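Input: a single structure, listed below in C-alpha cells.
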Amino acid sequence: MAKKQMSLKARALRYLSMREHSRIELQRKLAGYAQEGDDVEAVLAWLETNNFLSQERFAESLVRRRSARFGNSRILMELQSHGIAGEALAEVKGELAEEDSRASEALARKFDHPPQDATERAKYMRFLQQRGFSSRAIKAALASLAERHEA
C-alpha cells in the first residue's frame with residue numbers, strides 16, 4: 001500500500017515545529033513538494049494570518065542562534081538574504097549593538113593564548129573578520145585576550 005503524501009500545509013507546519021523559518025526559506029522548501037493545483041502562496045498567507053509564520057520571530061530566532069559566534073554584519077547580511085527588511089531589520093540592528101564582548105568570547109573559545117607575532121595576530125583577525133565582526137570589535141577582542149593572559 002502506498003504511503004499517503006503529506007499536504008503542503010502539514011509539511012509547512014512540520015517545518016515550523018522544528019524551528020522558525022523565513023517566508024522565502026519556507027517557500028523554497030515547499031515549492032519542491034508542490035503538485036499541480038497546489039498554491040504555495042496561499043499556504044504561506046494562511047500561515048502568516050494564523051501567526052504560525054512570523055518574520056519577527058524568525059529574526060529573533062536567527063539572532064539568538066548566531067549571535068554567540070558571529071558579528072553584526074554577518075547576522076544582518078543573513079537576515080537580508082532571508083528577506084527581512086525595513087522595520088524588522090532596524091529593530092534587530094538596535095538589539096545587536098554590543099559585539100565587542102561577543103568577539104572576545106568567540107576569540108577566547110578558539111584561541112587560548114594571545115598572538116605571539118604579526119602572522120598569528122593576522123590569523124586571529126581573519127578568524128573574526130570571517131565571522132562578520134567589525135574592526136573595532138576585533139581590536140577590543142585582541143586587547144581583551146592579551147589582558148586575560150597578563151593577569
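Just so we're clear, the structure is a prediction, and the values are computed from it rather than from any experiment.
Counting only heavy atoms from C-beta outward, the side chains of Leu30 and Leu44 approach each other to under 4.5 Å. Between His82 and Ile24 there is no side-chain heavy-atom pair separated by less than 4.5 Å. Counting heavy atoms from C-beta on, the side chains of Tyr124 and Leu145 come closer than 4.5 Å. Arg19 is listed as a side-chain neighbour of His21, based on a closest heavy-atom distance under 4.5 Å. You'll find the side chain of Glu41 reaches within 4.5 Å of the side chain of Arg23, heavy atoms only. Between Glu25 and Phe58 the shortest side-chain heavy-atom distance falls below 4.5 Å. Put simply, the side chain of Leu79 reaches to within 4.5 Å of the side chain of Val92, judged on heavy atoms. Residues Arg121 and Pro114 fail the side-chain proximity criterion, which asks for heavy atoms closer than 4.5 Å.
Follow the hydrophobic side-chain contacts under 4.5 Å out from Val40 and you reach Leu13 in the same cluster. Cluster annotation: Phe70 and Leu89 are assigned to the same hydrophobic cluster (Ile/Leu/Val/Met/Phe/Trp/Tyr, side-chain heavy-atom contacts under 4.5 Å, transitive). If you chain together hydrophobic residues whose side chains sit under 4.5 Å apart, Ile84 and Leu26 never meet in one group.
Distance check, rounded to the nearest 0.5 Å: CZ of Arg69 to CD1 of Ile75 gives 10.5 Å. Going from atom CZ of Arg126 over to atom CD1 of Ile138 covers 11.5 Å, rounded to the nearest 0.5 Å. Between the CD atom of Glu56 and the CG atom of Asn51 there is a distance of 9.0 Å, given to the nearest 0.5 Å. Here OG of Ser73 is found 10.0 Å from CD of Gln129. Values are rounded to the nearest 0.5 Å.
Scanning both residues, Leu128 and Ala103, for their nearest heavy atoms gives CD2-O, 3.8 Å. Here the shortest heavy-atom pairing between Ala12 and Val43 reads CB-CG1, 4.3 Å. Between Tyr33 and Tyr15 the shortest heavy-atom distance is CE1-OH, 3.5 Å. Closest heavy-atom contact between Asn72 and Glu99: N-OE1, 3.0 Å.
Crowding of Gln116 atom CD: a count of heavy atoms from other residues, nucleotides or ligands under 6.0 Å exceeding 12. Heavy atoms of other residues, nucleotides or ligands lying less than 6.0 angstrom from NZ of Lys29 number more than 12. Summarising the local packing, CZ of Arg109 is surrounded by more than 12 heavy atoms from other residues, nucleotides or ligands at distances under 6.0 Å.
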*asked:* Assess the residue pair Gln55 and Glu60 against the criterion (side chain to side chain contact (heavy atoms under 4.5 Å, CB included)); give the C-alpha distance rounded to whole Å, side-chain angles, the decisive distance to 0.1 Å, and a yes or no.
replied: CA-CA 9 Å; Gln55 296 293 75; Glu60 290 171 7; over 6 Å; no
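Here the rule is salt bridge (charged side-chain N to carboxylate O under 4.0 Å, His left out) with Glu20, and of Arg65, Arg64, Arg57 only Arg57 fits it.
Within the 3.5 Å criterion, the main-chain N or O of Val63 finds a donor-acceptor partner in the side chain of Ser67. Under a 3.5 Å cut-off, the side chain of Ser144 and the backbone N or O of Ser104 do not form any donor-acceptor pair. A donor-acceptor pair is defined here as one N or O able to donate and one able to accept, closer than 3.5 Å; such a pair exists between the side chain of Asp38 and the backbone of Gln35. Ser81 places a side-chain N or O within 3.5 Å of a backbone atom of Glu78 that can act as its donor or acceptor partner.
A ring-centre distance under 6.0 Å is found for Phe127 and Phe111.
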